[in-house]
Amino acid sequence: MSLEWLVAWNWSLDGLRDCIATGIQSVRDCDTTAVVSVACLLVLFVWYCYHVGREPPRPYATVNSLMQGTDASGLQNGYAYCQSPECVRCAHNEGLNQKLYYNLQEYAKRYSWSGMGRIHKGIREQGRYLSSRPSIQKPEVFFLPDLPTTPYFPRDAQKHDVELLERNFQTILCEFETLYKAFSNCSLPQGWKMNSTPSGEWVTFYLVNQGVCVPRNCRKCPRTYRLLGSLRTCIGNNVFGNACISVLSPGTVITEHYGPTNIRIRCHLGLKTPSGCELVVGGEPQCWAEGRCLLFDDSFLHTAFHEGSAEDGPRVVFMVDLWHPNVAAAERQALDFIFAPGR
């Protein structure tokens, strides 16, 4: 075996030497004009590579600006569509797909394409996915293909975070009650946001809004905000991540709508849950319970309402967005990069 290998190795060297000699002779046989032309082409190629490398990134609109919009009443993130050409949720701006693909390429250059197949497929086919989805589930901004779909998720889907939230139920409730004392009949307290609804009142108090911390609000709920840092699957670094207190007054109906993506699970921890309140996701109704978490996919068509009386008081939940359990760790990292606030 050793002799055969040595003979083959010598033959390879002879072949390589012959190849090099042939190449040198070919260059000698070429005229000066051909050599100069090849040299010029090489110089141009090197200059082009240098120029492209130094070129600043193209001035795309940021994902965050495409995600946000203001309606005629000045309400942000409400579900009365604003029709603004800059709001991808309302106008379905074609520029978003180009921006997402650019962000994915930037991520792959810095890190790796490994594990990016599903995200690449989702971005490449985004227009088809969003237009051809059945009406029961139609995320308005980004659809990640091949994720298991169901309107509601069992508590075990994100067991650690569900149990942690429920253990801290009293802490969150106490901070809400302190906040709610500031309400009056004449104005909305600072930090609260009024959302658009066909009837009643729906107000929210954001600690994290589309991946951005709201420092003034977080200082008013310090223990709740610290709790977010202990959650293993909380979406805190991209525009699909939110954490807020959501309050529905009696007589409120939220218009049926779709969430922006299917990569997350929306978690509601019941703080105050009077009778006559329901959440309906994908046509399936569920009721909240105080101190218990309810997990659902808000990319399904969903609505909520409070049909109780004024004496029942408001329905109050603490809402936080968690990762869908079937989004892999590598995909989460890439999606945080692609959908980073301000990117």
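Every heavy atom of this structure was used, including side-chain atoms; hydrogens, water molecules and symmetry mates were not.
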Side chain Gln210, main chain Pro341, donor-acceptor under 3.5 Å: no

Parallel, tilted or perpendicular, as decided by the 30° and 60° cut-offs, for the rings of Trp192 and Phe205: tilted

Qualifying residue for side chain to side chain contact (heavy atoms under 4.5 Å, CB included) with Val162, from Arg155, Arg167, Arg292: Arg155

Residue pair Asp297 / Thr149, side-chain donor-acceptor N/O under 3.5 Å: no

Euclidean distance, Thr178 OG1 relative to Leu173 CG, rounded to 0.5 Å: 9.5 Å

Heavy-atom donor-acceptor pair, Asn326 side chain to Leu147 backbone, under 3.5 Å: no

Neighbour count >12 (heavy atoms, 6.0 Å) for atom CZ, Arg124: yes

Contact summary for Arg118 and Val327, nearest pair of heavy atoms: NH2-CA, 4.2 Å

Smallest separation among heavy atoms of Gly191 and Asn217, with atom names: O-ND2, 3.2 Å

Point-to-point distance, once rounded to the nearest 0.5 Å, from CZ of Phe296 to NE2 of His268: 4.0 Å

Main-chain N/O of His306 paired with Thr252 side-chain donor or acceptor, under 3.5 Å: no

Side-chain donor or acceptor of Tyr111 paired with backbone N/O of Gln333 under 3.5 Å: no

Closest heavy-atom pair and its distance - Leu269, Phe169: CD2-CA, 4.3 Å

Residue pair Leu165 / Val320: nearest heavy atoms and the distance that separates them: CD1-CG1, 3.9 Å

Within 6.0 angstrom of Glu201 CD, more than 12 heavy atoms from elsewhere: no

Flag if over 12 foreign heavy atoms under 6.0 Å of OH, Tyr107: yes

Heavy-atom closest contact (Phe142 atom, Thr261 atom, distance): O-OG1, 2.9 Å

Backbone of Gly270 reached by a side-chain donor or acceptor of Arg315 within 3.5 Å: no

Flag, side chain of Ser309 to backbone of Pro250, donor-acceptor distance under 3.5 Å: no

Check: Ile235 main-chain N/O paired with Asp321 side-chain donor or acceptor under 3.5 Å: no

Sub-4.5 Å side-chain heavy-atom contact between Leu207 and Cys221: yes

Thr197 side chain vs Ile254 backbone, donor-acceptor pair below 3.5 Å: no

Donor-acceptor contact present, side-chain Asn103 to main-chain Ile338, <3.5 Å: yes

Gln158 side chain to Thr233 backbone, donor-acceptor under 3.5 Å: no

Residue pair Tyr225 / Cys218: nearest heavy atoms and the distance that separates them: CD1-SG, 3.3 Å

